[in-house]
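See structure below.
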Number of protein chains: 2
Amino acid sequence: MTKVVYESWGQRVVFGSGTARQDVAAEVTGLGASRVLVIAADGERALAEDICKDIPVVAVFGAVRPHVPAEVAEAVRAAAREHDADLLLSVGGGSTTGTAKAAALTTGLPILAVPTTYAGSEATPVWGLTEDGHKRIGVDPKVLPRVVVYDATLMLSLPTRLSVTSGLNALAHCVDAWWAPRHNPISSALAVEGVRSLASALPRIVADGQDVAARREILFGTYLGAVAFAGAGSGLHHKVCHVLGGAYDLEHAALHSVVLPHVVGLNLAAAPEAERHLATALDSPKDPFSALLDLYSRLEPPCSLAELGLPEEELDRATDLVMAQVPDTNPRRVTRDEMRELLGRAWRGDTPTPYERAAR
Amino acid sequence: MTKVVYESWGQRVVFGSGTARQDVAAEVTGLGASRVLVIAADGERALAEDICKDIPVVAVFGAVRPHVPAEVAEAVRAAAREHDADLLLSVGGGSTTGTAKAAALTTGLPILAVPTTYAGSEATPVWGLTEDGHKRIGVDPKVLPRVVVYDATLMLSLPTRLSVTSGLNALAHCVDAWWAPRHNPISSALAVEGVRSLASALPRIVADGQDVAARREILFGTYLGAVAFAGAGSGLHHKVCHVLGGAYDLEHAALHSVVLPHVVGLNLAAAPEAERHLATALDSPKDPFSALLDLYSRLEPPCSLAELGLPEEELDRATDLVMAQVPDTNPRRVTRDEMRELLGRAWRGDTPTPYERAAR
């Protein structure tokens with residue numbers, strides 16, 4: 001029997017609807033903060049100012065960019081020092097939370113995160129910084145937000161396509177946790193409930209973007225997926241996306257949406273526990289893989305790496321890059337030919353097929 | 001939509017089999033401790049000494065008693081001071097862990113817990129102290145063990161009856177989390193997987209107490225239940241048991257075993273989400289309550305409060321004591337007559353019946 005080591009992280013999470021402003025005020029008081037540096041991209045500045053009306057803001061940092069370039073990290077740290085901030089408050093998606101984490105990493109300041117997408121970064125101690133085209137990733141409890149204030153109504157303006165890809169990114173956190181290097185019964189249980197929430201609520205968002213109850217259920221799924229991911233680590237799916245995203249600057253959430261079913265198709269037959277979890281979560285005891293594809297067909301996310309801008313002539317190099325990152329713990333050994341085939345199918349947007357079946 | 005607030009707690013948990021000694025040594029090193037106060041009841045002293053062979057022990061505190069009387073708390077704190085301990089290491093069941101918590105509460109010393117029953121106290125920040133026959137209970141992050149080392153082989157000598165009652169106590173942590181005051185999707189998800197593990201593994205222990213894989217699965221269920229309980233708080237079941245256990249000094253785990261199905265019978269029809277969770281966990285979509293009773297009939301736990309020593313003439317007073325503690329958030333309003341009826345059935349060991357059905 002293998003040893004299982006599980007680390008849980010201390011965090012306070014508030015799920016509300018239409019209550020971000022008052023919840024943020026209460027939590028800032030609870031943290032005893034009196035000099036808040038708000039981090040919000042320009043597009044979300046008005047929203048952030050609205051949410052922060054009742055708290056002591058010393059400055060707003062707006063120069064947020066994807067993947068947290070080193071110069072952005074320097075700038076946000078300088079802003080925190082200059083304004084003598086005692087709390088970092090991020091309002092935004094994964095890049096915004098990531099910018100706050102970059103500041104927390106060196107300053108040790110606490111973060112209060114108010115997510116506006118389903119990125120999930122707010123519930124993990126994982127940070128990332130990009131320098132010279134290379135993204136460094138690390139884990140540090142200091143960067144885990146002390147408090148997260150989720151407000152389902154903040155997602156109402158998220159466009160359908162981004163809601164879907166961001167939600168499928170959250171789904172990928174859940175699914176990959178079932179075969180990630182530190183997969184364990186605790187993370188797996190959270191992931192099952194995460195998939196259940198997301199699979200139930202995402203189609204309702206496609207039907208009606210104003211469905212607050214569905215938005216809220218997606219937030220639960222997002223949080224569960226992020227905690228599962230933090231506990232289990234990066235599995236094959238995240239390695240593939242990390243490599244492709246880093247090397248070719250592909251749209252983050254859409255990339256995850258495209259890749260996930262192909263990786264599931266490759267792994268599922270070799271991972272009976274994961275198959276059981278997926279079956280439970282999708283309420284499809286007989287054929288959970290088809291149930292996953294059915295969900296995709298209802299959500300109509302982007303389905304090819306070609307449409308995300310990956311040049312076809314890069315597929316061989318991409319395969320080599322990915323092969324160097326395949327986790328030893330993946331439930332099946334993956335050959336270079338299999339990975340090249342997988343990336344080819346994902347590039348063309350072929351229907352994902354369980355590899356075992358495709359090979360016959 | 002109600003607001004949901006969830007607090008997670010930071011803790012490192014190691015699940016192994018036959019590796020307690022080396023895992024404890026590695027974790028003591030990881031914590032940087034050099035003066036370890038071991039807390040172990042006399043009956044487990046030999047085991048504790050064996051586990052602690054490779055670590056710097058300054059003393060062993062053996063005066064452990066149930067419910068942590070105030071004088072025991074004083075004595076263990078004095079021992080920690082006297083020996084200038086920098087780590088509390090508990091080896092034992094809930095009373096032993098509770099004794100370490102009493103010391104951590106005032107000294108702030110970290111705890112490394114090595115459980116030998118399925119009590120679950122090691123995974124909660126809840127402490128309890130008894131003075132003048134009254135048990136005070138509180139929550140403090142300081143008392144949550146920093147590290148838990150679970151070793152399934154330590155449970156091999158646990159007698160079948162205590163394995164069953166202690167396992168059902170863990171099951172009660174899970175089930176009560178579905179309707180406890182702070183019930184939430186995260187705790188509920190953990191509880192579903194906890195019930196699944198316990199329901200699968202407990203009958204295997206009854207068949208073969210040496211089944212290490214089953215012992216290990218029970219530990220997962222124990223941990224999941226304790227984390228769910230810590231997140232959701234005490235529901236009706238725990239209030240009933242807390243009152244009866246405190247007032248009449250009834251055997252802790254057996255008491256939980258007896259009471260649980262009666263409370264489930266009372267609440268389930270009024271708690272559709274809990275019913276769905278129980279159905280999922282017991283893989284019984286149609287009639288999860290009968291599935292729970294089937295599980296009980298396979299485990300043959302004690303089934304009456306009478307055999308635990310509660311005098312019949314105390315049932316009216318017990319009802320009054322319990323009624324003062326019924327959570328406002330219970331899924332159904334409970335009348336005094338209903339509670340008297342429930343306690344009467346539990347006292348006699350009647351088959352627990354869903355109240356709605358019994359009333360017809």
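Every heavy atom of this structure was used, including side-chain atoms; hydrogens, water molecules and symmetry mates were not. Each chain gets a letter, A, B and so on, in the order the sequences are listed, and its residues count up from 1. Keep in mind that this is a model prediction, so the values were computed, not measured.
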Using a 4.5 Å cut-off on heavy atoms from C-beta on, say whether the side chain of [Y] contacts that of [X].
{"X": "B:Tyr6", "Y": "A:Tyr223", "answer": "yes"}
{"X": "A:Phe220", "Y": "B:Val4", "answer": "yes"}
{"X": "B:Glu27", "Y": "A:Val5", "answer": "no"}
{"X": "B:Phe15", "Y": "A:Ile186", "answer": "yes"}
{"X": "A:Glu193", "Y": "B:Leu190", "answer": "no"}
{"X": "B:Thr280", "Y": "A:Arg196", "answer": "yes"}

For this session: Could you look at B:Val13 and say if it's the side chain, the backbone, both or neither that has a heavy atom under 4.5 Å from chain A?
Result: both
Exercise. How many angstroms lie between OH in B:Tyr150 and NZ in A:Lys3, if you round to the nearest 0.5 Å?
Worked result: 15.5 Å
Exercise. Between A:Leu144, A:Thr19, A:Val192, which residue shows the highest count of heavy-atom pairs closer than 4.5 Å to chain B?
Worked result: A:Thr19
Problem set entry | Engaged part of A:Leu224 at the chain B interface, taking heavy atoms whose separation is under 4.5 Å | side chain
For this session: Run the salt-bridge test on A:Glu7 and B:Arg146 with the 4.0 Å N-O cut-off and return the result as yes or no.
Result: no
